[in-house]
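See below for the structure under consideration.
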Amino acid sequence: MATGGVFSGARAIFYVGNEAIGYAGGVSGSESIDYEPVDVLDLLEVKEFVPVAYRATLSAQIFRVIGQSLKAKGIFPAHASDSNGLNILTSGDLTCQIQDRLNPGTIMAQFEACKCSEHSFDVTARGITSENVTFVTIRMRDEFDLAT
């Protein structure tokens with residue numbers, strides 16, 4: 001096996017839309033399939049498992065930079081009291097990607113139809129302030145899915 005194929009955080013670039021989020025400290029993603037067991041009479045074992053749902057998740061830790069608000073970047077919808085939340089109701093979908101810095105344009109994971117659902121921050125006396133950003137997303141594709 002050739003060396004250099006193992007992906008690491010030092011190689012990762014996190015994109016939201018077309019913008020690289022240069023101060024991302026970590027990104028977590030997952031995809032899962034929910035299966036429902038088919039239980040039948042006169043059989044103690046499950047007869048089969050039927051797929052009933054597909055889910056994908058995405059969250060990121062981003063170091064907070066003054067003047068780089070998630071709302072100003074269009075990642076989290078702005079909520080102005082005079083708009084009755086219309087920004088939230090009409091905000092569009094985002095595409096988020098983790099790309100390989102050593103192989104420009106190579107996507108390790110792509111999350112589609114994302115919306116930022118939550119962000120929180122923690123300010124401490126002697127620490128760097130970061131924001132934890134959570135997205136809802138319709139699907140995740142990896143390099144296999146994107147190649148086909």
Side-chain angles (χ1 to χ4, degrees), residues 1-38 46 48-148:
M1 175 185 245
T3 59
V6 177
F7 193 72
S8 71
R11 293 171 55 165
I13 303 172
F14 180 55
Y15 283 84
V16 176
N18 293 324
E19 184 176 353
I21 306 300
Y23 286 100
V27 178
S28 298
S30 72
E31 61 181 338
S32 64
I33 302 169
D34 293 345
Y35 290 94
E36 190 68 32
V38 176
V46 172
E48 73 175 282
F49 287 94
V50 178
V52 294
Y54 169 86
R55 304 196 193 299
T57 65
L58 174 63
S59 62
Q61 177 193 26
I62 299 171
F63 295 106
R64 184 62 162 97
V65 177
I66 296 298
Q68 299 294 312
S69 163
L70 295 176
K71 292 178 182 179
K73 291 178 169 287
I75 295 172
F76 192 87
H79 178 62
S81 59
D82 60 344
S83 70
N84 295 319
L86 288 179
N87 293 354
I88 295 170
L89 296 175
T90 59
S91 65
D93 291 342
L94 300 167
T95 298
C96 300
Q97 296 179 337
I98 302 169
Q99 291 190 16
D100 185 355
R101 190 171 86 158
L102 295 183
N103 298 296
T106 301
I107 300 167
M108 202 251 343
Q110 177 170 292
F111 297 87
E112 298 172 353
C114 302
K115 291 182 184 288
C116 185
S117 62
E118 179 181 1
H119 72 107
S120 62
F121 61 89
D122 184 31
V123 178
T124 61
R126 290 181 174 75
I128 297 173
T129 301
S130 63
E131 286 187 276
N132 296 308
V133 185
T134 304
F135 296 87
V136 293
T137 181
I138 299 295
R139 81 187 52 82
M140 181 188 111
R141 298 181 193 269
D142 65 11
E143 58 270 41
F144 171 79
D145 299 313
L146 295 169
T148 58

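- Nearest heavy-atom pair, C114 versus F135, reported as atom, atom and distance to 0.1 Å: CB-CD2, 4.2 Å.
- Under a cut-off of 6.0 angstrom, the local environment of CZ in F63 is crowded, with over 12 non-hydrogen atoms contributed by other residues, nucleotides or ligands.
- For S30 and T57, the side-chain atoms include at least one donor-acceptor pair closer than 3.5 Å.
- Here the closest heavy-atom approach between residue I98 and residue A12 is recorded as CG2-CB, 4.0 Å.
- The side-chain heavy atoms of E31 and F111, taken from C-beta on, include no pair separated by under 4.5 Å.
- More than 12 non-hydrogen atoms from other residues, nucleotides or ligands lie less than 6.0 angstrom from CG of L146.
- For the atom pair CD of Q110 and CD of Q99, the computed distance is 9.0 Å after rounding to the nearest 0.5 Å.
- Nearest heavy atom pair, residue S91 against residue I88, reads OG-O, 3.4 Å.
- Listed here is the closest heavy atom pair of Y54 and R139: CE2-CA, 3.8 Å.
- Taking 4.5 Å as the limit, some side-chain heavy atom of R55 sits within range of a side-chain heavy atom of D34.
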Worked verdict on T95 versus Y15 for side chain to side chain contact (heavy atoms under 4.5 Å, CB included): CA-CA 8 Å; T95 298; Y15 283 84; over 6 Å; no
Step-by-step side chain to side chain contact (heavy atoms under 4.5 Å, CB included) determination, V136 to K115: CA-CA 5 Å; V136 293; K115 291 182 184 288; 3.9 Å; yes
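- Judged as a side-chain contact (heavy atoms from CB on, under 4.5 Å), and not counting sequence neighbours, the contacts of R64 are S69, T129, E131.
- Counting heavy atoms from C-beta outward, D145 and M140 have side chains that stay 4.5 Å or more apart.
- Residues A56 and T137 share a closest heavy-atom pair of O-CG2, 3.3 Å.
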Pair E112-I138, side chain to side chain contact (heavy atoms under 4.5 Å, CB included): steps then yes or no: CA-CA 6 Å; E112 298 172 353; I138 299 295; 5.8 Å; no
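- Side chain of S28 to backbone of S59: no donor-acceptor contact under 3.5 angstrom is found.
- Rounded to the nearest 0.5 Å, atoms CD (Q61) and OG (S120) are 10.0 Å apart.
- For the pair L58 and C96, the minimum side-chain heavy-atom distance is below 4.5 Å.
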V16/V133 under side chain to side chain contact (heavy atoms under 4.5 Å, CB included): CA gap, chis, key distance, verdict: CA-CA 12 Å; V16 176; V133 185; over 6 Å; no
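- Considering CZ of R11 and CG of N103, their distance stands at 6.0 Å, rounded to 0.5 Å.
- Atom CG in L94 sits 12.5 Å away from atom NZ in K73 (nearest 0.5 Å).
- Distance CG/D100 to CD1/I107: 11.0 Å, rounded to 0.5 Å.
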